[in-house]
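To start, the structure itself, in structure tokens.
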Amino acid sequence: MPVMPMFPLSTVLMPAMPLSLRIFEERYLKLLGDLMLDENPEFGVVLIERGAEIGGGEKRLGIGTLASVTDIGTLDQFYGLESAGTQRFRVNAWLPDDPYPMADIDFIPDLVWNDSLMPARVHLETKVRNLLAFASEFGDLQYGPETEISDDPMDACWQLAGMLPVGGLDQVDLLKSQSADELISRTYDLVISLDEALKGMAGDLGDSL
């Protein structure tokens, strides 16, 4: 049961997804300094269920993803870091913030890839890219339809899930998947739901013209 520094955010970090942070709050500047002294700097990311990222006192969910730091420096005149999601975990207990959040955690086993799922993974990628192309007509997206994904099929599944323009609780549902098949199925169901919602919006806009 390792104890890890934690960074609660308003978004979910998926395994194999990148995470860039600009850091200006004093407690996290202290975390940044501690990470710089670590040979293998990493920290946990969990979703804020209620409250704000700044100021403390937020209510946090109990499942998250470890972020492995790849670079520490300055981003747009702020101190910041680049990292990537690795292993999922569950929080056993939150420790007192001193000065930044800390938690006692258990790691969740990695999902195991099965080559029989490859046709479903390829089909999911097509659906996700088509959805992102459609959604981009309604506004700017964090990830576009041409976003590159990993050659590793399990990492690619996590990335396809992480690219979807959905809310935090939907992302958490994906993060809780207990098998590669379940992750693909849950992601596919979300894609279909989003596609239907966007088509409804497009129809409403057409009717109003």
Side-chain angles (χ1 to χ4, degrees), residues 1-112 142 150 154-155 157-159 161-164 166-179 182-183 186:
M1 294 186 292
V3 172
M4 295 294 302
M6 306 294 283
F7 208 127
L9 294 172
S10 57
T11 58
V12 174
L13 176 64
M14 297 286 188
M17 289 296 286
L19 175 66
S20 299
L21 291 175
R22 295 196 309 171
I23 299 173
F24 52 86
E25 194 175 356
E26 184 174 348
R27 57 180 175 159
Y28 293 122
L29 287 172
K30 176 63 167 67
L31 170 59
L32 188 65
D34 290 346
L35 291 173
M36 292 176 69
L37 300 176
D38 199 323
E39 184 176 350
N40 298 300
E42 53 189 10
F43 57 94
V45 176
V46 294
L47 179 69
I48 295 173
E49 183 179 11
R50 185 170 63 251
E53 291 183 353
I54 301 172
E58 69 280 346
K59 181 174 175 55
R60 310 153 184 163
L61 292 185
I63 185 171
T65 302
L66 206 63
S68 178
V69 178
T70 57
D71 188 40
I72 295 177
T74 56
L75 299 170
D76 299 328
Q77 299 181 340
F78 288 90
Y79 290 107
L81 58 81
E82 302 284 348
S83 64
T86 57
Q87 192 166 3
R88 298 175 298 160
F89 62 82
R90 291 192 182 277
V91 174
N92 292 316
W94 287 98
L95 307 180
D97 292 9
D98 188 25
Y100 48 78
M102 299 283 292
D104 180 312
I105 66 171
D106 277 332
F107 290 113
I108 299 173
D110 292 334
L111 300 186
V112 177
Q142 183 177 5
S150 174
M154 194 67 256
D155 285 351
C157 287
W158 282 119
Q159 289 168 347
M163 288 160 56
L164 292 183
V166 297
L169 294 180
D170 283 328
Q171 292 174 322
V172 168
D173 283 342
L174 295 175
L175 193 64
K176 291 179 178 178
S177 297
Q178 297 183 33
S179 68
E182 182 179 355
L183 176 61
R186 287 186 170 189

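Each residue takes its place number in the sequence, starting with 1.
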Contacts of Pro41 that satisfy side-chain contact (heavy atoms from CB on, under 4.5 Å) - sequence neighbours left out: Leu35, Asp38, Val69
Contacts of type side-chain contact (heavy atoms from CB on, under 4.5 Å), residue Thr86, not counting sequence neighbours: Leu66, Ser68
Within-4.5 Å side-chain heavy-atom neighbours: Leu21 and Phe43: yes
Polar side-chain atom of Gln159 near backbone of Ala16 as donor-acceptor pair, under 3.5 Å: yes
Beyond-backbone contact of Ser83 with Pro18, side-chain heavy atoms, under 4.5 angstrom: no
Partners passing side-chain contact (heavy atoms from CB on, under 4.5 Å) against Pro99 (at least two apart in sequence or in another chain): Arg27, Lys30
Check against side-chain contact (heavy atoms from CB on, under 4.5 Å), Leu19 and Leu9: CA-CA 11 Å; Leu19 175 66; Leu9 294 172; 4.1 Å; yes
Validation row: Lys59, Ile48 side chains within 4.5 angstrom (heavy atoms): no
Met14 vs Thr65 side-chain heavy atoms within contact, under 4.5 Å: no
Please list, one pair per line, the donor and acceptor atoms closer than 3.5 Å that link side chains of residues 87-95 to other protein atoms, with sequence neighbours excluded.
unit_1: Gln87; atom_1: NE2; unit_2: Ile108; atom_2: O; d: 3.4
unit_1: Arg88; atom_1: NH1; unit_2: Leu175; atom_2: O; d: 2.7
unit_1: Arg88; atom_1: NH1; unit_2: Ser177; atom_2: O; d: 2.8
unit_1: Arg88; atom_1: NH2; unit_2: Pro109; atom_2: O; d: 3.1
unit_1: Asn92; atom_1: ND2; unit_2: Asp104; atom_2: OD1; d: 3.0
unit_1: Asn92; atom_1: ND2; unit_2: Asp106; atom_2: OD2; d: 3.1

Beyond-backbone contact of Leu29 with Tyr79, side-chain heavy atoms, under 4.5 angstrom: yes
Side chain proximity check, Leu81 to Phe7, heavy atoms < 4.5 angstrom: no
side-chain contact (heavy atoms from CB on, under 4.5 Å) evaluation trace for Leu47 with Thr11: CA-CA 6 Å; Leu47 179 69; Thr11 58; 5.5 Å; no
For Ser179, side-chain contact (heavy atoms from CB on, under 4.5 Å) partners two or more places apart: Asp181, Glu182
Partners meeting side-chain hydrogen bond (donor to acceptor under 3.5 Å, both in side chains) with Glu42 (sequence neighbours left out): none
Pairwise side-chain contact, Pro2 with Ile105, heavy-atom cut-off 4.5 Å (strictly under): yes
